[in-house]
Amino acid sequence: MGLRRTVWCGEVQASGVEVTVAGWVDATRDHGGLLFVDVRDRSGVVQVVVDPGAAPEVWEQARQWRGEWTVAVRGLVRERSAANVNPKLATGAVEIVPAEVAVYGRARPLPFQLDGAAAVEETTRLRYRYLDLRRPDLQANLRMRHRFTAAVRAHLDAAGFVEIETPTLTRSTPEGARDYLVPARMAPGRFFALPQSPQLYKQLLMIAGLERYYQIARCWRDEDLRADRQPEFTQVDIELSFVEAEDVMALAEGLVREACRAAAGVELQAPLPRMTYGEAMVRFGSDRPDLRVPLEIVEVGADLSGTAFQGFAQPLAAGGVVRALRVPGGAALTRRELDALTAEARNRGAAGLAWFLLGTEGEPAGPVAMRSPIAKFLAPEQRAALVERTGGAAGDALFLVAGPAPVAATVLGWLRLWAADRFELRRGAWRALWVTDFPLLEWDADAGRFVAVHHPFTAPHPDDLALLAGEPARVRALAYDLVVDGTEVGGGSIRIHDREVQSRLFAALRLSPEETADKFGFLLEALSYGAPPHGGIALGLDRLVMMLAGADSLRDVIAFPKTAQAGDPLTGAPAAVAERQLRELHLRADAVRT
RNA sequence: GGAGGCGUAGUGUAGUGGUUAACACACCGGUCUGUCACACCGGAAAUCGCGGGUUCGAUCCCCGUCGCCUCCGCCA
């Protein structure tokens, strides 16, 4: 290789001793009679200054160098004169005077510039991901990710956990997301599935008596993607035996706090606040409330009782609710915006969106002066009660949704986040909390049956067991989600460790005994051989690191991510395969995309 | 499955029913001894994503298609 590195570029210090740096040509500045070359490695950049009079051979070579060539420089470090110090550079007080240089590899002009001056299109970046990753900010993200996982391993190791790998070739199970399938050559017509999570394996490890398991586990879900969703992603997967929900939450809370501190210096509140699912839905209209937004939904049905306005009266008579959200500054919204909000509220299931703009007639202290198409349907005392209940003031807008409680909640929950964006209402950061007491089951109208909110192995609350057969919607789950700034970053539960309870749950899900036996027989069987009470949690590693890195997309914290169409522009995956490969797998492709 | 946005030199953008398709950075050549976003002079570089239609004429208008981004549905 010739010259061998003795020091990282970013750590070159004034010394008068000889060093050798190796890396990429970050920039050249040729002044004719003086040449500057910035050499970059993973640690940073250092300036090399070449004087043709002092070192003509070196100058002859170095003046040929172009951006992104890989080179090495051996020479003396010297301090720059005070006037030439660059305070923006860690090594800005020194420079290298080369005695010998070497070129390891030349580079064609790059397909895009790495300086970040222009936002390059995602496809181009991904097609040349190995160049994109030369950007210091992306490398910093990957290092932060490493620090996070290193802290997780250290923390869990110290707590007696064992890191265990589980299979990625496993079986498809009903419920949950669409599986990625892998054809089984040895078994024509059969398929492996890539795991959506190691859920069943970690339960089996508990039955096996490992007691404390974790894994930095890759998971796959073949669903449509988003900025915060990739087809393959990573969970910090944890499971413990002989524990209750409190034990798991305490462990996870300490772990996340420590890892956030170690990776990014972020301090989470201690202890994290708790909120039940029901409270979160009523107050924030979401099961993952963003506590940075200082707005809450309020119940106003009682203030409107006896109203003549059918848009409120009918839902109330039908057992529904009327709820309101105050939006500070919302009186400035245009009719066009209000119409668009109404349309979106309808799109989300609301019958309509009632709005009241307060104090818009110019009255100095008269917030009851409201502008609204339906104000005339409300008695003056009702309008006053509405303003009083919501804490409305001149300049605010009040939005009301009437209907079934879940619809009113989710529509206003959406509106709350919209208002936070529109009026920049978010305050603070890292507002984490636990959301608990989720319902175990929810009605799936399409399937015509109940489905598991979390997954079908989540334990019902013991007090609610009797409701399972008759009123399944009222059964609470021993489940908990970790939410940070409106993003779900982890979720877990106490699992069912009783074979009979597990069977009852499958029955509540309308899984036939035959299907249960076929697909989950192994689990039921395992549960019959002395299963410990157990539970765990899975933390979304990518999302946590994304937030810690301040990134907007998971792609910025994954080395080789996929596009929104689940493709990889670098390798061309997914790709067609040879006919022979299909034959071996007993498959026929019925569609060919060119 | 649905909605919206984008696609023009290597990159990022501008632009127009008839133009020599513009600008910046990058690239190439030259000048320059203190730059670090070096500066200055010059140059090369475009199938205006692809296919079809309208038109005397389409990069521009219309339809389709592909790709990328964002959102809804979906994601136990």
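Per chain, numbering begins at 1; letters A, B, ... match sequence-line order.
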Sugar-phosphate only, base, or nothing, as touched by A:D30 at under 4.0 Å among non-hydrogen atoms: base

Side chain of A:L34 (C-beta onward), nearest among B:U33, B:C69, B:G12: B:U33

Rounded distance in Å between the P positions of B:U65 and B:G2: 10 Å

Sugar-phosphate, base or nothing in reach of A:P111, heavy atoms under 4.0 Å: sugar-phosphate

Under the side chain to side chain contact (heavy atoms under 4.5 Å, CB included) test, residues paired with A:P561 that sit two or more places apart: A:L126, A:R129, A:Q230, A:R555, A:I558

Sugar-phosphate only, base, or nothing, as touched by A:R348 at under 4.0 Å among non-hydrogen atoms: sugar-phosphate

Distance-only donor-acceptor test (3.5 Å): side chain A:E121, base B:G12: no

Sugar-phosphate only, base, or nothing, as touched by A:R555 at under 4.0 Å among non-hydrogen atoms: sugar-phosphate

Whole-Å distance separating the CG atom of A:L35 from the C1' atom of B:C32: 12 Å

A:D38/A:R29 salt bridge by N-O under 4.0 Å criterion: yes

Touch class at under 4.0 angstrom, heavy-atom based, for A:E95 against every strand present: base

C1' spacing across the pair B:A21 / B:G51, given as an integer number of angstrom: 23 Å

Donor/acceptor link under 3.5 angstrom from A:R29 side chain onto base of B:U33: no

Sidechain N-carboxylate O distance under 4.0 Å for A:D481, A:R288: no

Spacing between A:R125 atom CZ and B:C68 atom C1', to the nearest angstrom: 13 Å

Sugar-phosphate, base or nothing in reach of A:R66, heavy atoms under 4.0 Å: sugar-phosphate

Base of B:C38 and ring of A:H31 stacked, centres under 5.5 Å, planes under 30°: yes

A:V120 side chain, from C-beta outward: closest of B:U70, B:C36, B:G12: B:G12

